[in-house]
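These notes are about the structure you will find just below.
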Number of protein chains: 2
Amino acid sequence: MVRNPERRTALVDAAIEVLARDGARGLTFRAVDAEAGVPKGTASNYFASRGELLAQVSGQIHQRIAPGPDEVAEVMTAPRGRELVTELMGWINRRVSADRTGYLAMLELRLEATRRPELREELTATMRGTLEDDLRFHREGGLPGDRTAVLLMYLAMTGLMLEQLTLPGVVPAEETDGLIAALVDRVIPAG
Amino acid sequence: MVRNPERRTALVDAAIEVLARDGARGLTFRAVDAEAGVPKGTASNYFASRGELLAQVSGQIHQRIAPGPDEVAEVMTAPRGRELVTELMGWINRRVSADRTGYLAMLELRLEATRRPELREELTATMRGTLEDDLRFHREGGLPGDRTAVLLMYLAMTGLMLEQLTLPGVVPAEETDGLIAALVDRVIPAG
DNA sequence: TGTGTAGTACGTTACCCGTAGTGGTTGCAA
DNA sequence: TTGCAACCACTACGGGTAACGTACTACACA
């Protein structure tokens with residue numbers, strides 16, 4: 001098994017690209033080779049199996065999707081209130097548009113997790129972790145809204161994400177900002 | 001091109017099953033043949049291409065997912081109010097659990113639509129139609145909650161659906177009923 | 001008896017996969 | 001500086017699989 005960290009991450013990045021563009025069906029070692037611009041057979045040398053490739057994709061995609069810490073810090077200079085929460089949600093939304101590839105690959109992974117117990121466990125643990133981080137961030141950051149509110153926002157944003165990524169014509173893009181504002185407004189209890 | 005309606009729907013049903021179980025990757029004419037218990041090559045005779053197969057799956061899956069009219073009528077005997085809306089949402093949720101296969105296939109179709117403009121258009125039109133039906137049903141049925149409320153519930157239920165289908169461990173099953181109740185309670189404006 | 005569909009069998013095609021083999025680069029030691 | 005050893009990129013090949021479509025036969029029904 002060859003170990004060249006740069007090349008390995010390059011291959012995994014290529015795999016993410018292929019996954020988003022061609023779907024699970026198009027994700028083959030050869031396709032990864034081609035996408036990464038490396039000779040045929042290279043992916044074979046770096047990953048023992050398709051499952052291992054997916055596992056590494058799963059590990060890398062979170063880093064790709066996760067926000068940079070300074071990015072968050074910048075937004076969080078504003079006073080705590082519903083407006084700030086709205087801003088955060090809109091920011092998530094824009095992030096999905098900006099990195100369609102990453103989020104689409106994530107969706108493909110979710111579907112794949114349906115059939116791969118190990119992948120499912122890993123993805124579940126990570127997603128659960130980030131959700132708990134969100135909850136803690138919200139609570140300790142002094143943002144308005146209880147635990148239930150955060151969970152509801154999480155679900156609605158997940159749904160919005162799915163819609164935008166797969167069938168953008170169903171919920172018109174012009175409405176999304178208004179919907180996000182209404183979501184925050186209604187879901188966070190007054191007080 | 002052979003035309004035997006029964007067999008055709010049987011094949012499409014088999015394709016839905018394969019799509020949910022093995023994903024887009026596993027959806028081949030041969031796999032459909034095997035799943036439907038018909039001789040190899042049959043699917044080839046019934047569908048000119050993979051795209052045509054997917055188109056027919058898309059046409060049939062909506063009927064499979066759509067509720068029977070009497071089912072709705074039965075629930076709608078209750079007095080109009082938040083409780084009834086909660087009941088309806090819980091019913092959607094149970095429906096997803098009961099027909100995992102159908103909804104998983106639907107998810108696979110959404111992802112596939114990412115790469116197939118024709119499929120995307122058709123799916124978008126249908127989904128948009130059912131969403132507008134929902135909105136009309138809600139309005140004309142005298143249920144509480146404005147248009148925004150229905151859209152927000154749609155998004156949250158979509159998110160919940162995705163979570164349950166792909167990573168059921170992230171949002172614990174014990175919480176879902178409470179979340180649905182809270183969703184309805186908060187999203188529908190008082191009045 | 002003729003048309004159309006079910007079932008069988010087959011050949012072609014297209015990838016996909018892994019690996020053996022080669023050459024080049026780097027690092028270390030004499 | 002030179003020689004050696006390890007590692008990795010790259011090429012090329014061969015095996016294998018499975019998917020696909022179709023020609024062919026059998027049968028039912030009009």
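Lettering follows sequence order; numbering is per chain, from 1.
Distances shorter than 4.0 Å separate none of the side-chain N or O atoms of B/Asn45 from OP1 or OP2 on D/dG21. Using a 4.0 Å cut-off, some side-chain N or O of A/Tyr46 falls inside it from OP1 or OP2 of D/dA9. In this structure, A/Arg7 reaches the D/dC10 phosphate: one of its side-chain N or O atoms is under 4.0 Å from OP1 or OP2.
We find that NZ of B/Lys40 is positioned 17 Å from C1' of D/dC24, with the value rounded to whole Å. Atom P of nucleotide C/dG18 and atom CD of A/Glu52 are separated by 11 Å, given to the nearest angstrom. What separates CZ of A/Phe47 from C1' of C/dT19 is a distance of 18 Å, to the nearest Å. The CG atom of B/Asn4 sits 8 Å away from the C1' atom of C/dT5 (whole-angstrom rounding). Rounded to an integer number of Å, the gap from A/Leu27 CG to C/dC16 P is 11 Å. For the pair A/Glu6 CD and D/dC7 C1', the interatomic distance rounds to 15 Å; values are reported in whole Å. Following rounding to the nearest Å, A/Asp33 (CG) and D/dT11 (P) show an atom-to-atom distance of 12 Å.
Checking B/Pro39 against A/Thr42, the closest nucleotide of DNA chain C that is more toward the 5' end is the one next to B/Pro39. When each of A/Gly41 and B/Arg50 is assigned the nucleotide of DNA chain D bearing its nearest heavy atom, the one mapping closer to the 5' terminus is A/Gly41.
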Let me see the working for A/Ile65 and A/Thr130 under side chain to side chain contact (heavy atoms under 4.5 Å, CB included), right down to the final yes or no. CA-CA 11 Å; A/Ile65 287 182; A/Thr130 64; over 6 Å; no
Decide yes or no on salt bridge (Lys or Arg N to Asp or Glu O under 4.0 Å) for B/Arg128 and B/Glu132, but give the supporting numbers first. CA-CA 6 Å; B/Arg128 215 177 146 61; B/Glu132 273 160 16; 3.5 Å; yes
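A donor atom on one side chain and an acceptor atom on the other are found under 3.5 Å apart for B/Tyr154 and A/Glu163.
Ranking D/dA19, C/dC16, D/dG21 by closeness to the B/Ser44 side chain, first place goes to D/dG21. For A/Arg30, the side-chain atoms get nearest to C/dG18 when compared with the rest of C/dC10, C/dG7, C/dG18.
A/Glu71 CD: more than 12 foreign heavy atoms inside a 6.0 Å radius.
The pair B/Glu108-A/Arg115 counts as a salt bridge, with a side-chain nitrogen and a carboxylate oxygen less than 4.0 angstrom apart.
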